[in-house]
Q: 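Here you go, one structure.
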Amino acid sequence: MLLSVFKNLHSHIKKIKFGVKMSNTDQILREIFKTSVDSVQPYNLVKNFVSVTEMDDVSHLWVGGQSYEIKSGVHVVGFGKAVLGMTFGIEETLGEHLKMGVVSVPKGILNSNSNMNFLNSKIKYMEGAENNLPDEDSMEASLQIKKLVQKLTGKDIVIVLISGGGSALLPLPRGNISLEEKLELVKQLGNCGADIKEMNCVRKEISELKGGNLAKICYPAKVISLILSDVIGDPLDIIASGPTVSNKDDTEKTIEILEKYSLYDNLPETIKNVLNENLNSEKLHQLVEDDSFIHVDNFVIGNNEMAAKSALDRATELNFQSVILSTKVSGNVDRISIVYANIVQIFSKFLQKQITNEEVLFELQNFESDIIFYDEEHVVQTIESFDQEKDICLILAGEPTVVVTGNGLGGRNQQLALSFSMELHKRQYESVEIFFLSCGTDGIDGPTDAAGAIGYSTLAHDSEKQNLNPDDYLQNNDCYNFFETFEDGRYLVKVGHTGTNVMDIHVILIKKNHKRV
Ligand SMILES: Nc1ncnc2c1ncn2[C@@H]1O[C@H](COP(=O)(O)OP(=O)(O)OP(=O)(O)O)[C@@H](O)[C@H]1O
Ligand SMILES: O=C(O)[C@H](O)CO
């Protein structure tokens, strides 16, 4: 029975539609994106990272080259948007060693995998957190996860599957804080523009399972967490609010954040009480630097660097000289559009033979921008070998932000694709053409059914012919409707839920020839 479930999963993964005809540049961009998303499919990541061996009646669990003797059974808990595929992978790998498990997954995900027989599994699949917001259902799943891990002994192993969206899928407010109060605070922080580090610092302080607490409850069982990172730089204490990692933040920092956004004074008494208790409680933070997490091993099994490297390999196979410029892109989309246009300017001067390879590197090194460049050796060696006759592919990854002031429909990737195209239009490149794909690896950009969009240097010019004014759409945060109308939606990238999530991928093609998309 299980075997057919996994075969079905394979066919589902393959069925994700990206459009793979290679005749046009937009299809090349889609193909590069597809390859990067495929490389971080949670099911494959788990299967490649975890295995079980049997020798002389002793069973060993192998995780990333580390082995653990299986004395009793293995339990599984999990929470996050990409945890379903991870669970399939672990269930198949563990086979009879799997005792039982509970995973908290996004609402609707089971229906869209209706070919799977979830009822026959030893793992209980629980849906919740509609729109990435904690709710009664995800709280019930959290209670069941807590109940399961509480009863484990020193002979047990528990595998914790973690991915982005895990914070909303593992809510258990501390003390007398109600779910509504917690939800309201999280929403307020989001609306004030708090970043994920600030948001999760607060979450950890008011939650029973976050900030390392889940791992503490699992003790004395061995805890092995498999983490798919959706946060820049893979900070383990931040991803899904670090339920298996010692909490590096503290109550003072939480209060500072709440004061920074003028939220502290109006907090409900229940939250203030918990913060006061935490301030006075030595127990909560004393474990930070000691060895109380010795029973825990955390492994990052996938991140945006892997996706970027696969994009690089595919672009190279497709005959582009390619370089990863950054995996840590963050900040406002408007600003990033300008920075990207400046970077493109440097490379286009190179292709026009106005500057040498060394001068490209010099200009990049002296580049005033918010971009944190990728591994220096890779960037330098790759650009040193660039040829002035060959088209270039620049790969960047990360998670920009949009301050939404309009009432249109869109997402940060569609906003960036259009905004960058407008920035390119201002600069009027003479002898190169530029094409750009910006997409969320989860396949869903903002509240739309598109992963993102494709922009290019003459888009503004072409949109005039259709009497479309991109600036109006940008201002109203209505880029989905722009791309839906422009050329009959040809430049929207629609792939559906991909089942994974390692933030966004940006691919810039700089072509010497005046080929149209
Ligand atoms: N109309 C819009 N135009 C542009 N950007 C928007 C619009 N509406 C929402 N957004 C952006 O989309 C973001 C939410 O999108 P999304 O759900 O893809 O990201 P997320 O919550 O970070 O989840 P994930 O990390 O899983 O992708 C918001 O932070 C906001 O910046
Ligand atoms: O769940 C969360 O906290 C975010 O997705 C970051 O991991």
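Computed from heavy atoms alone, side chains included, the values below leave out hydrogens, waters and symmetry copies. Bear in mind the structure is a predicted one, so any value in this text is a computation, not a measurement. Both ligands and their constituent atoms are indexed starting at 1 by order of listing.
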Q: Are Glu423 and Lys426 ion-paired here, with the side-chain N under 4.0 Å from a carboxylate O?
A: yes
Q: Measure Arg203 to ligand 2 on non-hydrogen atoms and call it side chain, backbone, both or neither using the 4.0 Å cut-off.
A: side chain
Q: Quick check on contacts: which atoms of ligand 1 are under 4.0 angstrom from a heavy atom of Gln415?
A: 3 (N), 4 (C)
Q: Can you find an N/O atom of Asn501 closer than 3.5 Å to an N/O atom of ligand 1?
A: yes
Q: Short list, please: which atoms of ligand 1 are under 4.0 Å from a heavy atom of Ile444?
A: 18 (O)
Q: Indicate yes or no: does Glu198 engage Lys260 in a salt bridge with an N to O separation below 4.0 Å.
A: yes
Q: For atom 1 (N) of ligand 1, which protein heavy atom lies nearest, and how many Å away is it?
A: Asn477 O, 2.9 Å
Q: Near Lys81, which atoms of ligand 1 are under 4.0 Å from a heavy atom of that residue?
A: 23 (O), 24 (P), 26 (O)
Q: Has ligand 1 got any nitrogen or oxygen that is less than 3.5 angstrom from a nitrogen or oxygen of Pro447?
A: no
Q: Does the side chain of Asp135 pick up a donor-acceptor pair with the side chain of Ser138 at under 3.5 Å?
A: yes
Q: Does the plane of the ring in Phe436 sit parallel, tilted or perpendicular to the ring in Phe420? Use 30° and 60° as the thresholds.
A: perpendicular
Q: Does some non-hydrogen atom of the protein lie less than 4.0 angstrom from atom 28 (C) of ligand 1?
A: no
Q: Do the charged groups of Lys197 and Asp249 touch, with an N to O distance under 4.0 Å?
A: no
Q: Is a salt bridge present between Glu305 and Lys309, judged by a nitrogen-to-oxygen distance below 4.0 Å?
A: yes
Q: Hey, which atoms in ligand 2 end up nearer than 4.0 Å to a heavy atom of Gly165?
A: 1 (O), 2 (C), 4 (C), 5 (O)
Q: Of the protein's non-hydrogen atoms, which lies at the shortest distance from atom 7 (C) of ligand 1, and what is that distance?
A: Gly410 O, 3.3 Å
Q: Is it the case that ligand 1 has an N or O less than 3.5 angstrom from some N or O of Val404?
A: no
Q: Just which atoms of ligand 2 are under 4.0 Å from any heavy atom in Val231?
A: 6 (C), 7 (O)
Q: Does Glu399 reach ligand 1 with a nitrogen or oxygen that is under 3.5 Å from one of the ligand's nitrogen or oxygen atoms?
A: yes
Q: Below 4.0 angstrom, counting only protein heavy atoms, does anything approach atom 16 (P) of ligand 1?
A: yes
Q: Enumerate the atoms of ligand 1 whose separation from the nearest heavy atom of Gly408 is less than 4.0 angstrom.
A: 1 (N)
Q: Hey, is Asp478 touching ligand 1 through its side chain, its backbone, both or neither, going by heavy atoms under 4.0 Å?
A: neither
Q: Taking 4.0 angstrom as the limit and counting only heavy atoms of Ser167, give me the atoms of ligand 2 inside it, by number and element.
A: 1 (O), 2 (C), 3 (O)
Q: For ligand 2, which atoms have a heavy atom of Ile239 less than 4.0 angstrom away?
A: 7 (O)
Q: For atom 12 (O) of ligand 1, which candidate among Ala451, Gly446, Gly406 holds the nearest heavy atom?
A: Gly446
Q: May I ask you to identify the nearest protein heavy atom to atom 6 (C) of ligand 2, giving residue, atom name and distance to one decimal place in Å?
A: Asp230 OD1, 3.2 Å
Q: What residue and atom, counting heavy atoms only, is the protein's closest point to atom 19 (O) of ligand 1, and at what distance?
A: Arg412 NH1, 3.1 Å
Q: Is Asp445 in polar range of ligand 1, meaning some N or O pair under 3.5 Å apart?
A: no
